[in-house]
Amino acid sequence: MDRITIITPDDWHLHVRDGDALATVVPHSAAQFARAIIMPNLQPPIVNTELAQNYRDRILAALPGHSAFEPLMTLYLTDNTPAQEIQRAMSSGIVYAVKYYPAGATTNSDSGVTDIHKCFDTLEAMSEAGLPLLIHGEVTDPSVDVFDREQTFIERELVELVARFPKLKIVMEHITTSNAVAFVRNAPANVAATITAHHLLLNRNAIFQGGIRPHHYCLPVLKREEHRRALVTAAASGNPKFFLGTDSAPHERGTKENDCGCAGVYTAHAALALYAEVFDAAGALDKLEGFACHHGADFYGLPRNKESITLERSRTPVPASFPYGKGTLVPLRAGASVAWRLSGNLI
Ligand code: NCD
Ligand code: ZN
């Protein structure tokens with residue numbers, strides 16, 4: 001198959017940042033996706049509906065004139081998010097989920113949750129309202145190995161949460177291990193997971209390929225090959241619990257090529273092409289549409305998109321960098337290529 005036409009997909013986990021950065025990254029996502037769940041980990045974070053409304057306006061202002069791209073906003077859960085905020089979020093009509101970052105787990109998570117039990121009233125309100133909880137599932141315990149933090153989070157927190165809130169929609173974001181795949185597969189239907197393109201394409205060797213590779217450093221960190229394979233099997237299985245979430249996470253070049261480099265891989269410039277490579281290699285291009293276009297919308301209870309897009313097999317160069325505010329942004333595959341491109345699209 002050298003051409004594939006699918007319903008326009010959605011990205012269920014995306015970082016677009018703020019300010020000048022929006023002008024670079026928002027058009028990349030809007031060229032491929034109809035909607036995206038926008039992560040709230042700005043500095044300061046998007047902790048209430050009013051901040052989400054203003055942030056949404058700034059994202060819309062960065063869209064190319066013809067674009068109908070819809071940012072689906074999220075709130076950043078803190079120890080003090082009042083249960084009443086959930087009602088405000090629901091009545092606004094622009095908030096689609098709440099994000100749980102364990103404090104200190106990743107980029108801009110300092111105001112995250114120190115103990116999830118403090119949030120149980122708010123989670124109850126979300127459960128009643130049908131508002132999904134999106135989880136960065138890694139423990140922050142310094143005694144737990146960085147490669148084991150997802151698995152330990154499942155054992156220490158997720159099992160309890162799923163049991164305690166049987167109706168709460170929970171998305172385990174950017175899963176990276178066979179343990180997470182198995183947990184989600186065996187959990188009830190209200191538990192799902194997103195999978196990134198980079199965790200499907202790369203194993204942890206990519207961080208050390210010929211030297212230290214800061215542009216392959218993200219959180220959760222890349223894992224062993226056996227885990228990558230488990231993710232590919234899950235994504236290509238057709239199981240509706242697994243859907244597309246790029247976790248495209250732009251950082252200015254100097255903040256990654258740094259003594260203490262930031263976590264995050266930028267994939268929005270070629271997200272769909274990267275996923276197409278994975279599904280093609282797995283002999284499962286026929287499963288791409290479910291993963292990218294149906295499962296997420298169905299889980300969130302949103303209508304599937306109506307338009308369609310066409311991907312064609314065509315080796316397409318990736319720029320060495322994009323302008324990014326006053327600096328530059330180094331994308332995945334910088335200076336190399338991807339095997340697919342969107343028909344009629346030249347980014
Ligand atoms: C994300 C970021 O840069 O905001 N980084 C990352 O490595 N994925 C945060 C996150 O989703 O963990
Ligand atoms: Zn993320």
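Atoms within a ligand are numbered from 1 in the order they appear, just like the ligands themselves.
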- Item | Residues in the immediate environment of ligand 1 (any heavy atom closer than 4.0 angstrom) |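 Residues within 4.0 Å of ligand 1: His13, His15, Arg17, Asn41, Thr106, Thr107, His136, His174, Cys218, Leu219, Asp247, Ala249, His251, Ala263, Gly264.
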Is [X] close enough to the Zn ion (ligand 2) to have an N, O or S atom under 2.8 Å?
X	result
His174	no
His136	no
Asp247	yes

- Result of checking Phe242, Phe299, Tyr275, Phe243 against Phe291 for ring pair (Phe, Tyr, Trp, His ring centres under 6.0 Å):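 Only one option passes, and that is Tyr275.
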- Message: Is it true that, when you exclude Glu226 itself, more than 12 heavy atoms of the residues, nucleotides or ligands shown sit nearer than 6.0 Å to its CD?
- Response: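 Buried by this count: over 12 neighbours within 6.0 Å.
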- Message: If you count every heavy atom of other residues, nucleotides or ligands that lies below 6.0 Å from Lys118 atom NZ, does the total exceed 12?
- Response: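 Yes, the 6.0 Å shell around NZ holds more than 12 heavy atoms from other groups.
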- Okay, side chain of Ser92, backbone of Ala89: is any donor-acceptor separation there less than 3.5 Å?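 Yes; at least one donor-acceptor contact below 3.5 Å.
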- Aromatic ring centroids of His174 and His199 under 6.0 Å?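 So the answer is no for these two rings.
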- Item | Arg224 charged N/C atom sitting above Phe147 aromatic ring, 6.0 Å / 45° |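 Judged by the rule (NZ or CZ under 6.0 Å from the ring centre, within 45° of its axis), Arg224 is not positioned above Phe147.
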- Item | Sequence neighbours excluded, every pair satisfying salt bridge (charged side-chain N to carboxylate O under 4.0 Å, His left out) that has a member inside residues 4-20 |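 Sorted pair list: Asp10-Arg35, Asp18-Arg58.
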